[in-house]
Amino acid sequence: MEEQTKQQPAVKKSKGLLWKLIMVVAAVAVVVLIVVVQGRANAPAADPSDQPQTGTLADTDGRFQTPVGELTFPVEWADQVTLQANQDDGAYTGAFYGKVGTQQVLLFRLLIGGQGTGYELGSAPNGQNQLQSVWLDISQIEADPAWTEEQTKEINTVQACVNDLIDQINELPGFQGLD
């Protein structure tokens, strides 16, 4: 009978120790949470010009931001073009899609930084004055048999606006074309 009495205080002692350990872990978790929340609250706001744009270019009057400068898609076609842009590992990709009816058709891709595909146009400095390669990935649009002749002509005209963008790229400060 004495042995049982001796074990009970040991069990009570370990339960008390376990409870204290749980309280310490909970307190540390609260402190960490407070530090993380305050760090986020004090962090500088992201510069919207550093964020890739996605959406219809008509929403921005045809303007879109790239790492090497602002470009403008011809306004008369901007409402028919959607830009899906992303930036990954310092490389920017802007995929431009035109509309034929309800169908989205890839017009071309503009790639800046990193190794691109298609045609290398040259290089231009980014905001940190580091040269970034500029690539254009474009191919002929194959007309869908369901498209009318007018729709086919219109999508090809919208794709031809890439020439205006190439001219703008060539005029960017510090742009170095390939000879």
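We're numbering straight along the sequence, starting at 1.
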Could you check whether any side-chain N or O of [X] sits under 3.5 Å from a backbone N or O of [Y], counting only pairs where one atom can act as donor and the other as acceptor?
X      : Y      : result
Gln159 : Ser139 : yes
Asp61  : Arg63  : no
Asn163 : Ala160 : yes
Asp89  : Ala91  : no

Is the shortest heavy-atom distance from the side chain of [X] to the side chain of [Y] under 4.5 Å?
X      : Y      : answer
Glu120 : Ser133 : yes
Ile169 : Val134 : yes
Val158 : Phe73  : yes
Leu136 : Phe108 : yes
Val105 : Ile141 : yes
Val162 : Ile138 : yes
Glu154 : Gln80  : yes
Leu110 : Leu165 : no

Single-linkage hydrophobic cluster [X]~[Y], side-chain heavy atoms < 4.5 angstrom:
X      : Y      : value
Val81  : Trp147 : yes
Leu71  : Phe175 : yes
Leu107 : Ile166 : yes

Requested in this report: Report the C-alpha separation of Tyr119 and Asp137 in whole Å, then their side-chain angles, then the decisive distance to 0.1 Å, and conclude whether the side chain to side chain contact (heavy atoms under 4.5 Å, CB included) test is met.
Outcome: CA-CA 6 Å; Tyr119 304 97; Asp137 188 1; over 6 Å; no

Atom pair [atom1]/[atom2] of [X] and [Y] - distance to nearest 0.5 Å:
X      : Y      : atom1 : atom2 : value
Leu106 : Gln104 : CG    : CD    : 10.0 Å
Trp135 : Ile112 : CH2   : CD1   : 13.0 Å
Thr60  : Glu70  : OG1   : CD    : 8.0 Å
Asn156 : Gln151 : CG    : CD    : 12.0 Å
Thr66  : Gln168 : OG1   : CD    : 10.0 Å
Leu121 : Asn170 : CG    : CG    : 7.0 Å

**Report entry** Worked check of side chain to side chain contact (heavy atoms under 4.5 Å, CB included) between Arg109 and Phe96
**Finding:** CA-CA 6 Å; Arg109 284 187 181 90; Phe96 295 79; over 6 Å; no

For the student: nearest non-hydrogen atoms of [X] and [Y], plus distance:
X      : Y      : value
Ala78  : Gly62  : CB-CA, 3.9 Å
Asp164 : Pro74  : OD2-CG, 3.8 Å
Pro67  : Gln87  : CG-NE2, 4.0 Å
Gly174 : Leu131 : O-CD2, 4.4 Å

Query - Verdict with supporting geometry, Phe64 and Leu57, side chain to side chain contact (heavy atoms under 4.5 Å, CB included) - result: CA-CA 8 Å; Phe64 60 99; Leu57 288 173; 4.1 Å; yes

Query - Evaluation steps, side chain to side chain contact (heavy atoms under 4.5 Å, CB included), between Thr157 and Trp77 - result: CA-CA 9 Å; Thr157 301; Trp77 297 106; 3.6 Å; yes

